[in-house]
Participant: 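I am attaching a structure below and will ask some questions about it afterwards.
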Amino acid sequence: MAIERTLCIIKPDGVRSGNIGNIIAHIQKEGFKVLSLKMTRLTKQAGGVFYEVHKGRPFYDELVNFMSSGPCVPIALEKENAIAEWRRVIGATDPAEADPGTIRKLYAKNKGENAVHGSDSVENGKREIGFFFTEQELADLA
Ligand code: CMP
């Protein structure tokens with residue numbers, strides 16, 4: 001299996017509920033390499049661009065409003081099979097359907113405010129990581 005990258009975002013609800021540390025601990029316990037991370041706040045315009053693949057869906061406006069409602073913490077992650085692995089670790093979009101022990105089961109409220117984001121493909125992961133991080137920020141500083 002190949003080494004892949006995925007973008008995690010600790011969403012505004014995860015920040016507001018005081019779970020940044022718990023979620024980062026979960027990431028590290030699962031063996032992901034943290035390439036870079038920051039705290040930022042999306043404008044509505046930037047949130048709209050980030051989620052433009054969902055434009056036209058009934059939840060799009062709510063999603064963009066929510067994602068720009070407060071600070072979030074994007075984290076670029078690397079691991080073997082990272083896209084599928086991260087989706088396994090976070091659980092289903094709707095926390096009510098997420099497996100026990102997953103991040104969304106532990107920390108999310110509902111389908112809209114679901115604590116974390118994960119890229120759905122290697123290609124989207126590249127775009128999403130590039131949205132938040134420069135090449136220099138992703139460079140191995142070790
Ligand atoms: P995320 O992985 O960040 O990607 C798109 C987001 O849309 C998703 O998580 C959900 O938080 C949000 N969303 C809100 N309502 C819905 C819905 N009905 N179906 C799918 N995604 C939704």
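Both ligands and their constituent atoms are indexed starting at 1 by order of listing. Because only heavy atoms are used, hydrogens play no part in the values below, and waters and symmetry mates are left out as well, while side chains stay in.
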Participant: Would you call Lys11 a ligand 1 contact, heavy-atom distance under 4.0 Å?
Facilitator: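 True for this residue.
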Participant: Do Glu85 and Arg88 sit within salt-bridge range, that is, some charged N less than 4.0 Å from a carboxylate O?
Facilitator: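 Yes, this pair counts.
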Participant: I'd like to know if the side chain of Ser119 pairs up with that of Glu128 as donor and acceptor (distance under 3.5 Å, no hydrogens or angles considered).
Facilitator: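 Per modelled atom types, Ser119 and Glu128 side chains form a pair under 3.5 Å.
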Participant: Do the ring planes of His117 and Tyr51 sit parallel (below 30°), tilted (30 to 60°) or perpendicular (above 60°)?
Facilitator: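 The arrangement is perpendicular - the two ring planes meet at more than 60°.
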Participant: Where the closest heavy atom to atom 19 (N) of ligand 1 is concerned, which of Phe59, Tyr60, Tyr51 has it?
Facilitator: Phe59
Participant: Can you label the angle between the Phe59 ring and the His54 ring as parallel, tilted or perpendicular, going by 30° and 60°?
Facilitator: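 If you compare the ring of Phe59 with that of His54, the planes turn out tilted.
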Participant: Going by the atom numbers of ligand 1, which of them fall below 4.0 Å from some non-hydrogen atom of Leu63?
Facilitator: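 Per the distance check, 6 (C), 7 (O), 12 (C).
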Participant: So, is Arg57 polar-close to ligand 1, with some N/O to N/O distance under 3.5 Å?
Facilitator: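 Checking ligand 1 against Arg57, no N or O pair falls under 3.5 Å apart.
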Participant: Within a distance under 4.0 Å of any heavy atom of Asn114, pick out the atoms of ligand 1 and give their elements.
Facilitator: 9 (O), 10 (C), 11 (O)
Participant: How long is the span from the CD1 atom in Ile129 to the CG atom in Leu35, to the nearest 0.5 Å?
Facilitator: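 It comes to 7.0 Å.
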Participant: Among all protein heavy atoms in this structure, tell me which lies nearest to atom 5 (C) of ligand 1, with the distance rounded to 0.1 Å.
Facilitator: His54 NE2, 3.4 Å
Participant: Quick test of your reading of the model: are Lys79 and Glu30 salt-bridged, counting only N-O distances below 4.0 Å?
Facilitator: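 Salt bridge absent between Lys79 and Glu30.
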Participant: Which bit of Met67 gets closer than 4.0 Å to ligand 1, counting heavy atoms only: side chain, backbone, both or neither?
Facilitator: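 Neither part.
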Participant: Look at atom 10 (C) of ligand 1 and find which of Lys111, Glu128, Glu113 reaches it with the closest heavy atom.
Facilitator: Lys111
